[in-house]
Amino acid sequence: MHLKARKQAAAVIPTASMADIVFLLIIFFVLTFNVEVDKTRVSLPRSVLRTEVPKKAAIVSITEVGQMRVSDGESSSTAVSSTEDVLSFATGVIAGNPEKEFVLKADATVPYKTVDRVIDVLKQARVPVVYLLSDQETVDTAGGN
Amino acid sequence: MKINRRIISDAIPTSSMADITFLLIIFFMVTSTFAATRGLDFSLPKEDKNPPMIEKEESVLITIYRGGGLEIDGKSIQPEQILDYLKPKLERNPNKPVIIRPDPEAAYGDMVKIYDLLRRGKQNGLEVRNISIPTQREIDQFWY
């Protein structure tokens, strides 16, 4: 009996579209790329109302245990030991740009007295506006308001 | 005479493109972060040597205690009742100052929650125009 030769399927993975997919991914990452100047890990308070923080705003971060770090929004954050250091930092930043916005990135569990001292020195440094960084709170968990 | 011409390929070599783009993807994946970039804006008042004196009766005082307990003008209250309490007062005087005074040991998150609640009053038809969070130094200096 004469058997007809079987047609052999090519053992090739089609990769022609790979470059297109990879380029799409690159475009996504380039657009969403954001250099994080302050890498302090904090558990942010939650709020329903949230407005976009201006890019390059100066940052003051306070961890759960009260450790503070400051950044002018351009360079990486540096640790500071007291609110006097925050005052001299903020005064310097405001001297360079009186309209510079500040971001307060504080842990939700920090005792208010620590935040109070920081807000007080920012007021003394004549900072015009502070953004209280927060995570999104859903309306249902906010007590139905 | 036989001339043996070399044929030059007119195709662009793209075999290494995938490698390069994958390297770029890995770089962006490792270095990029989804940073939290939203929050509540809080305008700080200008330092004033002689701030306008406000009679206690003319303002509403919200006290936040450690553990999240709330008092409004000395009476215990739940967060969802605050706007109902403020409504008649703000209808009479829309510029009535509402002062938030957290206990030094109260959690910062509780202060943000109340500030957020007051700011959201506008969505519920009750705009709280004059929210003030005095610092301890201001309280020591000007509170009476």
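As the structure is a computational prediction, the values presented were derived from the model and not from experiment. Chain letters run A, B, ... following the sequence lines, proteins first and then strands; every chain starts at 1.
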*D41(B), I133(B), D103(B): which one forms the most heavy-atom pairs within less than 4.5 Å of chain A?*
D41(B)

_Largest heavy-atom contact set with chain A, pairs under 4.5 Å, which of V112(B), I25(B), D110(B)_ = I25(B)

Does any backbone or side-chain atom of [X] lie under 4.5 Å from a heavy atom of chain A? Answer side chain, backbone, both or neither.
X: Q78(B); value: neither
X: F22(B); value: both
X: I64(B); value: neither

Give me the atom names and distance for the closest heavy-atom approach of [X] to [Y].
X: G109(B); Y: P45(A); result: CA-CB, 3.8 Å
X: A108(A); Y: A107(B); result: O-CB, 3.5 Å
X: P134(B); Y: K123(A); result: CA-NZ, 4.4 Å
X: L132(A); Y: M111(B); result: CD1-CE, 4.3 Å

_In one Ile/Leu/Val/Met/Phe/Trp/Tyr side-chain cluster, 4.5 Å: V22(A), F27(B)_ =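 V22(A) clusters together with F27(B).
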
*asked:* Using side chain to side chain contact (heavy atoms under 4.5 Å, CB included), reason through R46(A) and K113(B) one step at a time and then give a plain yes or no.
replied: CA-CA 7 Å; R46(A) 290 178 173 273; K113(B) 202 189 290 179; over 6 Å; no

*Approximate separation, where rounding is to 0.5 Å, of R137(B) CZ and Q124(A) CD*: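 It is 4.0 Å, given to the nearest 0.5 Å.
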
*How far does CD of E138(B) sit from CD1 of I119(A), to the nearest 0.5 angstrom?*
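Answer for the CD-CD1 pair, E138(B) versus I119(A), is 10.0 Å.
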
*May I ask you to name which of L49(A), L25(A), V129(A) has the most heavy-atom pairs under 4.5 Å with chain B?*
L49(A)

*asked:* So which residue, S43(A), A57(A), S47(A), ends up with the most heavy-atom pairs under 4.5 Å with chain B?
replied: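 The candidate making the most pairs under 4.5 Å is S47(A).
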
_I need the single residue from V118(A), D116(A), L122(A) that forms a side chain to side chain contact (heavy atoms under 4.5 Å, CB included) with T135(B). Which is it?_
D116(A)

*asked:* Can you tell me which portion of V115(A) sits under 4.5 Å from chain B's heavy atoms? Options are side chain, backbone, both or neither.
replied: side chain

*Can you check whether anything in residues 88-106 of chain A gets within less than 4.5 Å of chain B, heavy-atom wise, and list it by number?*
L104(A), A106(A)

*Passes side chain to side chain contact (heavy atoms under 4.5 Å, CB included), T114(A) versus Y108(B)? Steps please.*
CA-CA 9 Å; T114(A) 313; Y108(B) 163 66; over 6 Å; no

